[in-house]
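No hydrogens, no waters, no symmetry mates; every other heavy atom, side chains included, goes into these values. Quick caveat: nothing in here was measured; it's all calculated off a predicted structure.
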Amino acid sequence: MSFLELDDLKVHFPIRGGIFNTIQDYVYAVDGVDMVIEQGKTYGLVGESGSGKTTIGKGIIGLEHVTDGKVIFEGQDVTNKARNRAEEYRGYNKDIQMIFQDSTSALNPKKRILDIIAEPMRNYFDYTDKEEQAEVVRLLEIVGLNKDAIYRYPHEFSGGQRQRLGVARAVATNPKLIIADEPTSALDLSVQAQVLNFMKRIQKEYNLSYLFISHDLSVVKHMADDIAIMHRGRFVERGSKEKIFNNPQHIYTKRLLSAIPQIDPLNREQHKLERQAVEKEYEEQEIHYYDENGRVYDLQPFEKDHMVALNPNDKTPGSLADSTIEGGN
């Protein structure tokens, strides 16, 4: 069941200048995207820095103002109302939480872990001090930390432990969706794997959904059920994980895939040649992927559960499938 939908979402930032500081132009950070996140599933959102992926997460949770389009949660239009303290939106605020990329700045260095994790709970639950402490201890145990951690401060923990604390804080309100913005990018590979496996475990326990934002397709492959590839504020490709990895169509998706490091030394030379071929294709066939203004084309059905932003006038074989494909919208 889908419980969060984005309908033609746009987030534009004004560029001001001149003597009177008037609006001269806009930065189209997010320029019309559609997304459906299902309960208990992980939606991977992938793109390079500046592609607009983090802005989508902030627009959903209310940290950025949505210029146009809709955020629909459980059938209710909640666009730009996430920070509204009215009773009718309290459930939305409680049900969607965020894990930030920088665990150090996300945790108040002046507060004990008890107060950091308990803070969101205090907005929605009427716990006594004893009940609150017991709940924080329970959350710490879930993320694999000792109960004595409640008396410590963020700087006393490692990077991986701080990210676990961020997860504990995010699940403190018993949410339905967690927006995870590059949650493992600052961690080394061994700790990264521990955190990802831990996130998958609590997903099953809590029936959580994730919007998992990352620049790393290999990490998203481990986590996601469906994936959207974002570039220049728009989706260039969207579909099931299997379709994105096994049959990529957009040149930007291919470039991201070719950037995944190869561990096997026997495949490195072949991988190098394949990456060179992708770069050559990008230089020679850019017209298939961007219009004369450099804007990403609208998504078109390519095959079932697979949409690609290709030139609708491009008649090259296999470039654009029949729009009647089942499940292509």
inquiry  = Test question: given the 4.5 Å side-chain rule for I, L, V, M, F, W and Y, name all other residues clustered with I72, or answer none.
reply    = none
key: Minimum side-chain heavy-atom gap L6-V71 below 4.5 Å   = yes
request  = Would you give the length of the straight line joining atom CZ of F73 to atom CD1 of I96, rounded to the nearest 0.5 angstrom?
outcome  = 4.5 Å
inquiry  = What I'd like to find out is whether the side chain of N174 reaches to under 4.5 Å of the side chain of Y124, using heavy atoms alone.
reply    = no
task = Please report the C-alpha distance between F235 and H250 in whole Å, then the side-chain angles of each, then the deciding distance to 0.1 Å, and finally whether the side-chain contact (heavy atoms from CB on, under 4.5 Å) criterion is met.
result = CA-CA 10 Å; F235 289 166; H250 199 280; over 6 Å; no
request  = Please confirm whether the backbone N or O of L45 pairs with a side-chain atom of K53, one donor and one acceptor, at under 3.5 Å?
outcome  = no
message = Holding to side-chain contact (heavy atoms from CB on, under 4.5 Å), I want the full list of residues that pass it with R201, two or more places apart in sequence or in another chain.
response = F198, E205
query = Within a strict 4.5 Å, meaning less than it, do heavy atoms of the K94 and P175 side chains meet?
reply = no
inquiry  = Whether the side chain of S214 engages the backbone of V46 through a donor-acceptor N/O pair (distance < 3.5 Å, no angle test) should be reported.
reply    = no
Over all atoms of both residues, closest heavy-atom pair of Q163 and V195 = CG-CG1, 4.4 Å
request  = Can you measure from CG (N313) to CG (D291) and round to the nearest 0.5 angstrom?
outcome  = 11.5 Å
query = From F245 CZ over to T253 OG1, what is the distance, rounded to the nearest 0.5 angstrom?
reply = 10.0 Å
request  = Indicate the atoms forming the closest heavy-atom contact of L139 with M121, along with that distance.
outcome  = CD1-SD, 4.2 Å
ask   = Within a strict 4.5 Å, meaning less than it, do heavy atoms of the L107 and F157 side chains meet?
value = no
ask   = Which heavy atom in V137 sits nearest to a heavy atom in I150, and how many Å separate them?
value = CG2-CG2, 4.2 Å
task = Could you tell me whether the side chain of S240 and the main chain of D226 form a donor-acceptor pair under 3.5 Å?
result = no
message = I'd like to know if the side chain of D298 pairs up with that of Q300 as donor and acceptor (distance under 3.5 Å, no hydrogens or angles considered).
response = no
ask   = With Y252, which residues qualify under ring-ring contact (aromatic ring centres under 6.0 Å, His included), at least two apart?
value = H231
remark   = In this structure, CE of M223 is separated from NZ of K241 (nearest 0.5 Å) by 10.0 Å
message = Looking at D7 and G69, would you say the former's side chain and the latter's main chain have a donor-acceptor pair under 3.5 Å?
response = no
request  = List in chain and number order the residues that pass side-chain contact (heavy atoms from CB on, under 4.5 Å) with F100, two or more places apart in sequence or in another chain; answer none if no residue qualifies.
outcome  = L63, M98, A106
Residues, nucleotides or ligands: over 12 heavy atoms within 6.0 Å of N207 CG = yes
request  = Can you run down the salt bridge (charged side-chain N to carboxylate O under 4.0 Å, His left out) pairs that involve residues 214-224, sequence neighbours left out, and say none if there aren't any?
outcome  = none
Please table the atom pairs, donor to acceptor, closer than 3.5 Å between any side-chain atom in residues 19-37 and protein atoms at least two apart or in another chain.
residue: T22; atom: OG1; partner: Q24; partner atom: NE2; Å: 2.8
residue: Q24; atom: NE2; partner: G17; partner atom: O; Å: 3.2
residue: Q24; atom: NE2; partner: T22; partner atom: O; Å: 3.2
residue: D31; atom: OD1; partner: H12; partner atom: NE2; Å: 3.3
residue: D31; atom: OD2; partner: R295; partner atom: NE; Å: 3.2
residue: D31; atom: OD2; partner: R295; partner atom: NH2; Å: 3.3
residue: D34; atom: OD1; partner: D8; partner atom: N; Å: 2.6

ask   = Got a sec, which residues hit ring-ring contact (aromatic ring centres under 6.0 Å, His included) with Y297, two or more places apart in sequence or on another chain?
value = none
key: Crowding at NZ, K243 (>12 non-hydrogen neighbours, <6.0 Å)   = yes
task = Using side-chain hydrogen bond (donor to acceptor under 3.5 Å, both in side chains) as the criterion, list what pairs up with Q133, not counting sequence neighbours.
result = none
query = Mind checking whether Y290 and V296 have side chains closer than 4.5 Å, heavy atoms only?
reply = yes
ask   = What closest approach, in Å, do H222 and L196 show between heavy atoms, and which atom pair accounts for it?
value = CD2-CB, 3.8 Å
task = For residues 145-169, pull every pair meeting salt bridge (charged side-chain N to carboxylate O under 4.0 Å, His left out), keeping only residues two or more places apart or in separate chains.
result = E119-R169, R152-E156
remark   = Tightest non-hydrogen contact, residues G294 and R232, listed as O-NH1, 2.7 Å
request  = Could you tell me whether the side chain of Q39 and the main chain of F3 form a donor-acceptor pair under 3.5 Å?
outcome  = no
Table please: side-chain donor-acceptor pairs of residues 108-118 below 3.5 Å, with sequence neighbours left out.
residue: N108; atom: OD1; partner: K110; partner atom: N; Å: 2.9
residue: D115; atom: OD1; partner: R122; partner atom: NH2; Å: 3.0

ask   = Given N123 and T173, is the side-chain contact (heavy atoms from CB on, under 4.5 Å) satisfied, shown in steps?
value = CA-CA 9 Å; N123 293 324; T173 63; over 6 Å; no
task = May I ask you to decide if M199's main-chain N or O and Y210's side chain share a donor-acceptor pair within less than 3.5 Å?
result = yes
request  = Answer yes if I251 and L273 sit in the same cluster of Ile, Leu, Val, Met, Phe, Trp and Tyr residues linked by side chain heavy atoms under 4.5 Å apart, and no otherwise.
outcome  = no
query = For G44 and A224, which heavy atoms make the closest approach, and how far apart are they?
reply = N-CB, 3.7 Å
query = Counting N and O atoms only, with roles assigned by atom type, does the side chain of E237 sit under 3.5 Å from a partner on the main chain of Q249, one being a donor and the other an acceptor?
reply = yes
ask   = For the atom pair CD1 (I61) and CD1 (I179), what is the distance rounded to the nearest 0.5 Å?
value = 4.5 Å
request  = Quick one: which residue pairs count as a side-chain hydrogen bond (donor to acceptor under 3.5 Å, both in side chains) with a foot in residues 175-184, not counting sequence neighbours?
outcome  = T54-D181, E74-K176, E182-H215
key: Gap separating the CG atom of L177 from the CD atom of E38, nearest 0.5 angstrom   = 12.5 Å
message = Just so I know, are the side chains of L208 and V171 near enough to count as touching, which here means a heavy-atom distance under 4.5 Å?
response = yes
ask   = Are any of the side-chain heavy atoms of Y206 and I142 separated by less than 4.5 Å?
value = yes
message = Looking at N146, I'd like to know if its CG atom is crowded, meaning that more than 12 non-hydrogen atoms belonging to other residues, nucleotides or ligands lie closer than 6.0 Å.
response = yes
request  = Would you check, one step at a time, whether the test side-chain contact (heavy atoms from CB on, under 4.5 Å) holds for F13 with V11?
outcome  = CA-CA 7 Å; F13 298 118; V11 180; 3.8 Å; yes
ask   = Taking only residues two or more places apart in sequence or in another chain, which ones pass ring-ring contact (aromatic ring centres under 6.0 Å, His included) with Y127?
value = F125
